[in-house]
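The structure under discussion appears below in the form of structure tokens.
Throughout, a chain's letter reflects where its sequence line sits, starting with A, and its residues are numbered from 1. Side chains included, hydrogens not; waters and symmetry mates left out as well; all remaining heavy atoms used. Just so you know, these numbers come straight off a predicted model, no measurement behind them.
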2 protein chains.
Amino acid sequence: MYKKIPKNTIHRLPLYLSVLEQLAEESQNQEEFFHSVDLEKLLNIKNSVIRKDLSYFGEFGVKGKGYNIVSLKTALKEILDINVIKKTVIIGCGNIGTAIIKYPYFTKINLEIVAGFDVDPKIIKQKINQTPVYHIDRLVDFLNKEKIQFVILAVPVHASKFILQDLITKTDIHGIINFTPISLKVPKHIKVINSYISAKILEMYFYLKNTNA
Amino acid sequence: MYKKIPKNTIHRLPLYLSVLEQLAEESQNQEEFFHSVDLEKLLNIKNSVIRKDLSYFGEFGVKGKGYNIVSLKTALKEILDINVIKKTVIIGCGNIGTAIIKYPYFTKINLEIVAGFDVDPKIIKQKINQTPVYHIDRLVDFLNKEKIQFVILAVPVHASKFILQDLITKTDIHGIINFTPISLKVPKHIKVINSYISAKILEMYFYLKNTNA
DNA sequence: TAGATTGTTAATCGATTAACAATC
DNA sequence: TAGATTGTTAATCGATTAACAATC
């Protein structure tokens with residue numbers, strides 16, 4: 001439990017890990033070092049920011065030498081709690097939900113999608129990859145029984161309201177990754193991470209409008 | 001062209017719009033007003049932040065009364081440049097790419113996905129919804145001919161490198177929305193917006209680890 | 001030892017906030 | 001007019017940065 005980690009630092013940690021995974025794959029040599037200026041070039045993040053970010057969690061480098069790729073990777077995995085297997089469910093198995101279930105990179109971060117939920121009888125009782133899909137009526141019981149900590153919400157807008165109510169009042173989840181294009185009102189013990197696509201597109205619109213001119 | 005808009009302000013603008021769309025749908029009355037404290041409750045963003053964000057772009061409220069829902073919505077659409085139809089393509093029509101093509105909310109933001117690109121002969125020449133899928137060999141020509149300003153990249157990691165090189169050296173795009181789980185190194189006239197799912201999940205891991213303890 | 005890069009400091013820069021004058 | 005809420009200010013808070021002592 002760390003205190004006072006800047007939000008932006010947390011956003012950057014997965015980026016660091018992503019680059020380290022790449023570097024570790026590319027290099028055969030387990031003893032290979034790299035340094036913060038290398039990482040700056042790869043990520044366009046200032047080397048001093050990188051070193052400061054890491055310093056919140058400990059000292060991972062060797063002065064005059066840099067960081068060992070493998071051991072920093074290991075440290076970051078520990079910080080991000082990747083070594084513990086996590087279970088989650090997808091609520092809403094439409095296009096987005098199904099794509100997430102099939103997403104091939106979750107094994108890398110030890111995430112298991114143990115079930116999907118939907119209302120469409122054509123989808124229910126089928127399996128998407130290895131993942132069973134149940135009727136959404138069974139959602140609350142499932143989450144409680146399996147002690148799921150966070151869910152991925154990928155339902156249409158009109159369905160989100162009553163599902164959210166159930167999640168808040170009848171389960172003990174602590175996090176929602178939200179792919180719906182609306183903002184969710186939740187009590188403050190629940191962390192919502194918005195990942196809706198339109199917002200990213202709109203950010204791009206704004207950027208394009210205000211740099212070409 | 002505005003200058004010096006804080007990054008976080010730009011992140012929040014789509015959220016404001018999203019809530020305004022909801023409010024506009026729920027209320028029949030075109031003349032309905034609401035105020036920044038209402039919005040604070042819906043979004044957990046302080047009312048003073050909301051007012052300051054809006055103030056970068058003009059004065060949209062009426063003192064003592066609040067904001068007219070419809071006219072603020074209109075103003076935000078103007079700021080985010082939603083009224084002009086945009087065209088883009090999806091590079092990589094696997095699970096994620098296909099889900100994005102089928103995403104139903106893009107009409108709301110005037111986005112048209114005019115083509116998909118892939119290497120898989122099983123996918124090429126089919127249509128996903130109304131969208132044709134071409135071989136990736138045709139990508140560069142297509143982008144140049146259609147004057148596409150930004151692309152959505154949803155290819156597997158191993159494919160991203162050489163595609164990125166083509167995009168940088170042979171086209172005139174100004175933006176990439178990146179769904180691959182790696183960071184893209186681009187010249188600074190190209191804006192990359194990362195939307196990769198694992199990063200969101202890892203953020204959630206970190207949060208769960210450090211609040212339950 | 002000389003060279004290099006870390007971890008950390010202190011200064012700068014930017015964003016948030018509470019408060020309130022302006023005004024509908 | 002009295003009440004309400006905006007738009008804006010100035011103070012506070014937090015994040016970035018350059019610089020450098022520490023040290024491998």
Side-chain angles (χ1 to χ4, degrees), chain A residues 2-16 19-20 23 31-76 79 188 203 206-207 210, chain B residues 2-16 19-20 23 31-76 79 188 203 206-207 210:
Chain A
Y2 320 98
K3 56 176 163 57
K4 295 279 294 151
I5 310 289
K7 250 186 138 182
N8 291 348
T9 295
I10 298 166
H11 289 308
R12 285 187 294 259
L13 293 178
L15 298 177
Y16 300 154
V19 169
L20 285 165
L23 291 175
E31 291 309 309
E32 203 165 320
F33 275 67
F34 77 113
H35 46 270
S36 53
V37 176
D38 299 332
L39 203 48
E40 169 170 350
K41 282 181 195 140
L42 290 168
L43 283 171
N44 277 319
I45 297 173
K46 285 248 159 68
N47 65 76
S48 51
V49 171
I50 294 164
R51 292 201 304 281
K52 187 151 229 318
D53 282 346
L54 296 174
S55 77
Y56 290 110
F57 304 98
E59 304 194 0
F60 305 107
V62 182
K63 283 174 184 173
K65 210 169 171 204
Y67 302 88
N68 176 279
I69 293 177
V70 173
S71 64
L72 184 56
K73 195 184 78 172
T74 305
L76 276 170
I79 292 165
K188 58 180 171 308
E203 228 183 283
F206 185 88
Y207 175 82
N210 296 295
Chain B
Y2 319 100
K3 58 177 162 57
K4 293 281 294 154
I5 310 289
K7 249 186 139 182
N8 291 346
T9 295
I10 298 166
H11 288 307
R12 285 188 293 260
L13 293 177
L15 298 177
Y16 301 154
V19 169
L20 285 165
L23 290 174
E31 291 309 309
E32 204 165 321
F33 275 67
F34 77 112
H35 46 269
S36 53
V37 176
D38 299 332
L39 203 48
E40 169 169 352
K41 283 181 194 140
L42 290 167
L43 284 172
N44 276 320
I45 297 172
K46 285 250 161 65
N47 64 77
S48 51
V49 171
I50 293 164
R51 291 201 304 281
K52 188 149 225 322
D53 282 347
L54 295 176
S55 77
Y56 290 109
F57 304 99
E59 305 194 0
F60 305 107
V62 182
K63 282 175 184 173
K65 210 168 169 206
Y67 301 88
N68 175 279
I69 293 177
V70 172
S71 64
L72 184 55
K73 195 184 78 172
T74 305
L76 276 170
I79 292 165
K188 58 180 170 310
E203 229 184 282
F206 185 88
Y207 175 83
N210 296 296

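- Taking atom CG of residue B/Asp53 and atom C1' of nucleotide C/dG14, one finds them 14 Å apart after rounding to whole Å.
- Ring planes of A/Phe206 and B/Phe57: perpendicular class, angle over 60° (limits at 30 and 60°).
- Distance B/His11 NE2 to C/dT16 C1': 16 Å, rounded to the nearest Å.
- D/dT16 atom P lies 13 Å from atom CD1 of A/Ile5, rounded to whole Å.
- Nearest nucleotide to the B/Lys63 side chain, out of C/dA22, D/dA18, D/dC24: C/dA22.
- Here CD1 of B/Ile69 is found 7.0 Å from CG of B/Leu20. Values are rounded to the nearest 0.5 Å.
- Contact between the side-chain N/O atoms of B/Tyr56 and the OP1/OP2 oxygens of C/dA15 is not found at any separation under 4.0 Å.
- Closest approach to the B/His35 side chain among D/dT5, D/dT16, C/dT16 is made by D/dT5 (side chain taken as heavy atoms from C-beta onward).
- Considering only side-chain N and O atoms, B/Asn47 lies nowhere under 4.0 angstrom from the phosphate OP1 or OP2 of D/dT5.
- Checking A/Lys46 against A/Lys7, the closest nucleotide of DNA chain D that is more toward the 5' end is the one next to A/Lys7.
- Atom NE2 of residue A/His35 and atom CZ of residue A/Arg51 lie 10.0 Å apart, to the nearest 0.5 angstrom.
- In this structure, C/dC13 and D/dG14 make a Watson-Crick or G-U wobble pair, each of the two defining distances being under 3.5 angstrom.
- In this structure, B/Arg51 does not reach the D/dG7 phosphate: none of its side-chain N or O atoms is under 4.0 Å from OP1 or OP2.
- At the phosphate of D/dG7, OP1 or OP2 sits under 4.0 Å from a side-chain N or O atom of B/Tyr67.
- Between B/Arg12 and the phosphate of C/dT16, there is a side-chain N or O to OP1/OP2 separation shorter than 4.0 Å.
- At a threshold of 4.0 angstrom between heavy atoms, the contacts of B/Ser36 are confined to the sugar-phosphate backbone, with no base atom among them.
- Residue contacts for A/Lys52: at a heavy-atom cut-off of 4.0 Å it reaches a base atom on one of the strands shown.
- Distance A/Phe33 CZ to C/dT6 P: 10 Å, rounded to the nearest Å.
- Nearer to the 5' terminus of DNA chain D, by closest-nucleotide assignment, is the contact made by B/Gly64 (compared with the other of B/Gly64 and A/Gly64).
- Here the nucleotide nearest the side chain of A/Ser55, chosen from D/dT17, C/dA18, C/dT8, is C/dT8.
- Going from atom CZ of B/Phe57 over to atom P of D/dT8 covers 14 Å, rounded to whole Å.
- Atom CG of A/Asn68 is separated from atom P of C/dT5 by 15 Å (rounded to the nearest Å).
- In a base pair of the Watson-Crick type (N1 to N3 plus N6-O4 or O6-N4) or a G-U wobble (N1-O2 and O6-N3), with each distance short of 3.5 Å, D/dC20 is matched with C/dG7.
- Side-chain contact, A/Asn8 with A/Arg12: no donor N or O sits under 3.5 Å from an acceptor N or O.
- Expressed to the nearest 0.5 Å, how far CG of B/Asp38 lies from CZ of B/Phe33 amounts to 12.5 Å.
- In this structure, A/Ile50 atom CD1 and C/dT5 atom P are separated by 14 Å, rounded to whole Å.
- What separates CG of B/Asn8 from C1' of C/dT16 is a distance of 10 Å, to the nearest Å.
- Side-chain proximity of B/Glu59 to the nucleotides C/dT8, D/dT16, D/dT8 is greatest for D/dT8.
- Separating the CG atom in A/Leu43 from the OH atom in A/Tyr16 is a distance of 7.5 Å, to the nearest 0.5 Å.
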